[in-house]
Amino acid sequence: MRILLVEDEMLLRTSLARLLQRAGFEVQAVGSAGEALATQPAFAADLLITDWLLQGDCDGLELARRLRRTTPAIQVIVITGLLAGDARPQLEPEALGATLLEKPFLFADLLAAIERIRA
Amino acid sequence: MSGAAPGASAAKPLRRTAVLVARVRGGLWVIVGLTAAMALSECTLRPGVVPLLDASQAYTIGTLLGALWLLHARPTQACAIAVGLLGLTVSCLAMARVGILSNDVPVQGYIALAMATAAMVPWGVRVQALAITVVGATYWWNVSAVPGRTAVLTSREVSSMVVLAAAALYITWVLDRHSRQEARERRHQHALRGELERRVSERTHALVAANTALTAEAHASHRLRDQLLVISDSFPGYLAYVGTDLRYVWVNQAYEKYWLLPRTEIVGKHMRELHDRSVFRDLQTHIDAALAGVQCTTEMSVPQAGAGSRSFEITFFPHREPNGTLAGFIIFGVETTARHASEARLHRTERLAALGTLAAGIAHEINNPAASILSTAEMVRATLDDFDRTLLDESLAAIAAEAQRCGQIVRSVLRFAREEPAERTPQLLFPVLQRATELLRGEVALAGATIHVDCTATPAPVAIVASEILQVVLNVTTNALRAGARTVTLRTAARPGTLALLVEDDGRGMTEAERARVFDPFFTTTRARGGTGLGLSVCHSILTQHGGTIELQSTVGVGTTVIIELPLPAATAETGPAAIASTGT
């Protein structure tokens with residue numbers, strides 16, 4: 001399974017990338033939506049794991065929408081540090097069919113989410 | 001008369017003399033009249049002399065004059081005179097029948113003429129006496145003039161009588177001077193009394209008119225007083241009028257109920273008598289101010305006998321007379337206990353709402369490093385088997401740095417929320433705006449919007465509690481983002497005496513009806529998305545505490561501008577950093 005990881009927190013990005021690689025996934029880790037859009041045509045990921053909030057005018061959800069245009073089958077896991085509540089529109093990730101994972105999370109939780117998507 | 005006063009008994013003889021003199025004079029008039037009639041009769045009866053009037057002419061004239069007189073005389077007087085005339089005429093005719101009077105002699109005519117003349121003139125009584133004299137003299141003369149009878153009086157005797165009578169009349173006239181004077185005085189006094197009565201009557205009329213007007217006025221003022229009483233009694237607040245001696249002049253029903261005393265017992269009491277010593281001491285400053293002519297308002301809490309206390313907002317209005325002297329003051333009190341309770345409840349709710357907004361911002365800030373720490377730690381654990389010292393060292397250093405970042409975030413929040421003194425300190429607005437954009441980074445990114453901060457125009461410090469103003473900026477900006485704004489500009493502008501902070505957005509704007517209610521607690525257009533409706537009411541209360549204002553200008557489809565004004569300290573010579581602009585996402 002090919003995973004495209006988009007996270008602007010460098011430490012989280014590198015550690016998650018290593019863990020995913022060790023778990024046997026092929027991972028491409030980038031720090032912004034622009035890089036992700038540039039990487040995808042060549043990489044052709046099956047799963048997008050993206051931070052909701054990204055630098056620039058394109059957030060994780062928007063990125064997922066754009067990738068869906070070229071790769072309609074791509075699965076999406078959105079990770080976020082935002083608290084559930086009025087600051088976070090709850091319905092948007094669901095509308096995308098994306099799985100939402102709240103920071104901080106255990107790697108096991110991420111693996112479980114990936115497994116659910118695979119099944 | 002023995003009991004009469006000395007003055008009265010002295011006046012009596014004088015009056016008696018006057019009456020006597022009047023009678024004597026009447027008698028003398030009789031003699032004068034008799035003499036004149038004799039002269040007349042002699043002249044008409046002399047042989048060869050034609051009588052002045054014949055009998056029928058005399059009758060006619062007499063009847064006409066009598067009729068004229070009757071038209072003018074008072075009824076009773078007229079009757080008496082008519083009866084008298086008739087009687088005299090009948091007796092004259094009777095005398096002529098029996099031969100005492102001659103039919104040839106127009107005695108009756110003389111009688112009628114004399115009586116009528118007498119009746120025509122105002123001094124009637126005297127002239128009547130004269131007329132009777134004339135009749136008598138004529139009779140005597142006629143008797144003597146009838147052939148074969150001896151004359152009773154000779155013409156010399158008649159002339160003497162005339163002279164004597166005239167002399168006597170003059171003497172009595174002279175003697176009567178005193179009583180004439182008295183009569184004049186009486187007439188004068190009578191006139192005076194008349195004038196006096198007229199004036200009294202005029203004055204009475206004026207007084208009656210004035211009295212009527214006064215009664216009407218009293219009526220109107222009574223009605224006004226009643227209306228005032230009804231209004232003040234149905235008014236739920238406390239109203240009293242206190243004189244400069246600090247005694248109650250008037251109180252409304254609320255006062256009666258508060259003190260459980262009838263109005264009549266409160267009025268007249270000194271304020272000190274009703275109020276507790278401590279309460280009165282608290283009121284004293286304001287009373288002094290009111291007595292100095294200054295209106296003032298105070299909020300005070302009055303401990304209750306049972307438990308707790310009631311709070312009142314009391315205003316003292318000095319009352320001045322039209323000439324400027326202070327007459328007293330009006331006390332106007334409103335109980336604020338219930339309002340305070342609901343304000344406290346609202347304040348708690350506001351604090352919770354504020355906490356929620358802050359918590360959301362903090363959560364994002366902390367969750368990110370926490371996720372990094374967790375993930376890195378897990379990664380290190382996973383790679384422990386193929387031990388890589390450099391990776392381990394780097395990872396642990398990174399974990400330490402992230403943990404420190406968490407600590408910094410918490411500390412910075414605490415600095416705003418707790419460690420910072422609650423009192424307002426003069427400071428620049430820019431750091432607060434910057435902090436706000438940092439905390440809002442998540443939401444701004446979510447909304448795909450941009451925030452611009454522009455403080456170039458106004459580097460002046462304002463006295464604020466930074467955490468509270470931060471809260472205001474967070475709330476207002478969050479609203480802008482929720483209204484679909486793509487760009488939010490936080491801009492400061494200097495205005496006379498105030499520093500304005502304008503938060504401009506290009507969101508969907510709001511209708512006039514919405515705009516009118518935005519500061520109402522729990523009014524929200526985003527309840528479905530979790531809006532509490534407390535944001536702007538919190539802002540309003542914070543700015544009111546800062547002595548500032550907040551208002552909104554909005555156009556549907558164009559955007560909204562929130563204008564926040566904070567008072568500038570009196571002297572703002574200090575200048576802050578020059579230009580700081582623009583920060584995105």
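None of the values given here were measured: they were computed from a predicted structure. Labels below follow one simple rule: chain letters A, B, ... track the order of the sequence lines, proteins then strands, and each chain is numbered from 1.
Neither the backbone nor the side chain of I79(A) comes within less than 4.5 Å of any heavy atom in chain B. Contact of T383(B) with chain A is made through backbone and side chain together, with heavy-atom distances under 4.5 Å. Heavy-atom distances place the side chain of E402(B), and not its backbone, under 4.5 Å from chain A.
Side-chain atoms of S15(A) come within 3.5 Å of backbone N or O of L12(A) as a donor-acceptor pair. Under the 3.5 Å distance criterion, the side-chain polar atoms of D505(B) are matched with a main-chain donor or acceptor of T560(B). Between the side chain of S554(B) and the backbone N or O of M510(B) there is at least one donor-acceptor pair closer than 3.5 Å.
Of the residues V503(B), V476(B), D506(B), the one that meets the side chain to side chain contact (heavy atoms under 4.5 Å, CB included) test with V488(B) is V503(B). Of the residues listed (I114(A), L101(A), V78(A), L4(A)), the one engaging I49(A) in a side chain to side chain contact (heavy atoms under 4.5 Å, CB included) is I114(A), and it is the only one.
Contact count versus chain A (heavy atoms, under 4.5 Å) is highest, among G448(B), A398(B), A377(B), for A398(B). The residue among L110(A), D59(A), D51(A), L106(A) with the most heavy atom pairs within less than 4.5 Å of chain B is L106(A).
Counting non-hydrogen atoms of other residues, nucleotides and ligands closer than 6.0 Å to CZ of R381(B) gives a total of 12 or fewer. More than 12 heavy-atom neighbours from other residues, nucleotides or ligands sit within 6.0 angstrom of CZ on R13(A).
Atom CG of residue L11(A) and atom CD1 of residue I399(B) lie 7.5 Å apart, to the nearest 0.5 angstrom.
Contacts from residues 22-40 of chain A to chain B, taken as heavy-atom pairs separated by less than 4.5 Å, involve R22(A) in sequence order.
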